[in-house]
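Let me begin by presenting the structure, written as structure tokens, before commenting on it.
As the structure is a computational prediction, the values presented were derived from the model and not from experiment. When a residue number appears, it is its place in the shown sequence, counting from 1.
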Amino acid sequence: MLSWKRIGRRRWVQVAAGTLAAEYMRFVFKTTRVTIDPPDGYARIDADLPVILAMWHGQHFMGPFMRRPSDRGKVLISRHRDAEINAIAAERLGIETIRGSGDNGSEFLRKGGLGAFQALLATLKDGYSVALTADVPKIARRAGRGIVMLARESGRPIFPVALATSRRYVLKNWDRTTINLPFSRGAAICGEPVRVPGDATDAALEQYRRQVEDNLNAATARAYAIADRKGGDAGRG
């Protein structure tokens with residue numbers, strides 16, 4: 001007998017799941033009243049195009065709906081088979097993908113991190129913005145060095161962005177994956193940008209990494225506070 005894991009690896013199952021996920025999220029967005037904060041968030045990003053958009057893993061499912069028809073951008077999605085459904089869903093929603101992921105250890109090359117990094121640089125050079133999750137793999141809410149290295153090499157700013165809905169279900173996994181629910185109040189936050197100088201030393205990158213982490217945490221907390229109509233750190237679901 002086939003296990004559920006083996007069934008889930010079949011292409012037709014992945015396509016069906018990705019399509020259903022995309023259409024579900026489309027329904028959530030259509031039934032959600034979204035507040036953009038600050039109100040000139042798009043204008044701030046437009047002034048610096050192309051940009052690097054940073055999100056936390058598991059908090060990014062509403063991201064594709066913040067893309068305007070005129071926006072040129074691509075999203076980084078892992079090459080791991082478990083991420084295939086995410087890639088199918090993103091493409092169903094009209095988002096171009098770059099496949100690959102980074103790692104702090106010896107797995108970097110095997111996971112396609114180097115190729116993905118080069119693809120991200122080329123994409124930014126071509127005038128496309130890129131979106132990616134900032135977390136260190138399997139360590140939630142801790143930004144990795146890869147995103148600040150990308151900013152240093154490309155000369156493009158990092159804009160932390162966060163999206164939240166008042167109705168949601170939070171999974172008890174490593175990244176606290178949040179399933180947004182329909183008929184919600186929503187908040188889309190554009191955080192304070194982080195600009196990494198081209199001559200930043202490897203030692204200085206730690207300062208910018210922490211700045212990305214702090215700014216993204218602040219944007220996430222604000223998104224949940226607005227969605228929930230209350231203050232404090234509501235980002236834990």
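- The two residues Val148 and Val196 come nearest to each other via the heavy atoms O-CG1, 4.0 Å.
- The side-chain contact (heavy atoms from CB on, under 4.5 Å) test with Thr32 is passed by exactly one of Thr165, Leu163, Leu181, Asn180: Thr165.
- Connection of Val161 to Ile36 is not established within any shared hydrophobic cluster, with ILVMFWY side chains joined at heavy-atom distances below 4.5 Å, either directly or through further cluster members.
- Distance alone, capped at 3.5 Å, is enough to place a donor-acceptor pair between the Gln59 side chain and the Arg176 backbone.
- Transitive grouping of hydrophobic side chains (ILVMFWY, heavy atoms separated by less than 4.5 Å) brings Ile179 and Leu93 into a common cluster.
- Annotation: Arg33, atom CZ; neighbour count of heavy atoms from other residues, nucleotides and ligands within 6.0 Å does not exceed 12.
- Summarising the geometry, atom CZ belonging to Arg44 is positioned 8.5 Å from atom CZ belonging to Phe159; distances are rounded to the nearest 0.5 Å.
- Here the side chain of Arg145 pairs no donor or acceptor atom with the backbone of Arg209 at under 3.5 angstrom.
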Let me see the working for Arg210 and Glu213 under salt bridge (Lys or Arg N to Asp or Glu O under 4.0 Å), right down to the final yes or no. CA-CA 5 Å; Arg210 287 180 178 272; Glu213 190 173 289; 5.6 Å; no
In sequence, state the C-alpha distance, the side-chain angles, and the governing distance for Met62 and Val28, and then conclude on side chain to side chain contact (heavy atoms under 4.5 Å, CB included). CA-CA 9 Å; Met62 296 292 288; Val28 171; 3.9 Å; yes
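- Here the closest non-hydrogen pair linking Ala134 and Ile147 is CB-CD1, 4.3 Å.
- Listed for the Arg167 side chain is a donor-acceptor partner under 3.5 Å among the backbone atoms of Pro182.
- Ala21 and Ala89 get closest at one heavy-atom pair: CB-CB, 4.4 Å.
- Between the CD1 atom of Ile189 and the CG atom of Asp37 there is a distance of 4.0 Å, given to the nearest 0.5 Å.
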Which is it for Phe27 and Phe183 under the ring-ring contact (aromatic ring centres under 6.0 Å, His included) test, yes or no, and what are the steps along the way? CA-CA 9 Å; Phe27 175 67; Phe183 307 105; 5.7 Å; yes
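- Between Trp174 and His57 the shortest side-chain heavy-atom distance falls below 4.5 Å.
- Atom CD of Glu192 has 12 or fewer heavy atoms from other residues, nucleotides or ligands within 6.0 Å.
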Does the pair Leu53 and Ile45 meet the rule for a side chain to side chain contact (heavy atoms under 4.5 Å, CB included), with working shown? CA-CA 9 Å; Leu53 300 174; Ile45 291 174; 4.1 Å; yes
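- A side-chain hydrogen bond (donor to acceptor under 3.5 Å, both in side chains) with Trp56 is found for exactly one of Asp175, Asp135, Thr133, Asn217, namely Asn217.
- Contact annotation: the side chain of Leu216 never approaches that of Arg141 to less than 4.5 Å [non-hydrogen atoms, C-beta and beyond].
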Could you go step by step and tell me if Leu150 and Val130 meet the side chain to side chain contact (heavy atoms under 4.5 Å, CB included) rule? CA-CA 10 Å; Leu150 179 64; Val130 297; 4.3 Å; yes
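- Between the side chain of Asp126 and the main chain of Thr123, no donor-acceptor pair closer than 3.5 Å is present.
- Proximity of a side-chain donor or acceptor of Ser154 to a complementary backbone N or O of Leu121 within less than 3.5 Å is not detected.
- Note that OG1 of Thr19 is 11.5 Å distant from CD of Gln14, once rounded to the nearest 0.5 Å.
- Met149 and Ile98 fall within a single hydrophobic cluster, where Ile, Leu, Val, Met, Phe, Trp and Tyr side chains are chained together by heavy-atom contacts under 4.5 Å.
- Asp46 has its side chain within reach of Arg68: a pair of non-hydrogen atoms, C-beta onward, lies under 4.5 Å apart.
- Atom CD1 of Ile158 sits about 8.5 Å away from atom CG of Leu132, to the nearest 0.5 Å.
- Ion pair Glu84/Arg99 flagged as a salt bridge, since at least one NZ, NE, NH1 or NH2 atom sits closer than 4.0 Å to an Asp/Glu carboxylate oxygen.
- Distance alone, capped at 3.5 Å, places no donor-acceptor pair between the Arg156 side chain and the Val51 backbone.
- Heavy atoms only, all atoms of each residue included: Tyr224 and Arg168 are closest at CE2-NE, 3.2 Å.
- Nearest heavy atom pair, residue Leu124 against residue Ser129, reads CD2-CA, 4.3 Å.
- In this structure Asn215 satisfies the side-chain hydrogen bond (donor to acceptor under 3.5 Å, both in side chains) test with no other residue, sequence neighbours excluded.
- Separating the NZ atom in Lys125 from the CG atom in Leu120 is a distance of 14.5 Å, to the nearest 0.5 Å.
- Listed here is the closest heavy atom pair of Ala143 and Val212: CB-CG1, 4.3 Å.
- Under the 4.5 Å side-chain heavy-atom criterion for grouping Ile, Leu, Val, Met, Phe, Trp and Tyr, Met55 is not connected to Leu76 through any hydrophobic cluster.
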Output, in order, the C-alpha distance, side-chain angles, deciding distance and verdict of salt bridge (Lys or Arg N to Asp or Glu O under 4.0 Å) for Arg72 and Glu96. CA-CA 9 Å; Arg72 303 172 70 204; Glu96 294 185 65; over 6 Å; no
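- Within the 3.5 Å criterion, the main-chain N or O of Ala227 finds a donor-acceptor partner in the side chain of Arg185.
- In terms of modelled atom types and a separation under 3.5 Å, the side chain of Arg152 and the main chain of Leu205 share no donor-acceptor contact.
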Would you check, one step at a time, whether the test side chain to side chain contact (heavy atoms under 4.5 Å, CB included) holds for Ile95 with Glu91? CA-CA 5 Å; Ile95 307 297; Glu91 290 166 1; over 6 Å; no
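- In this structure, the separation between OG1 on Thr178 and NE2 on His60 is 10.5 Å, given to the nearest 0.5 Å.
- Linking Ile, Leu, Val, Met, Phe, Trp and Tyr whenever their side-chain heavy atoms come within less than 4.5 Å puts Tyr24 and Leu171 in one cluster.
- Aromatic ring pairs are classed by plane angle as parallel below 30°, tilted from 30° to 60° and perpendicular above 60°; the pair Phe65 and Phe29 is parallel.
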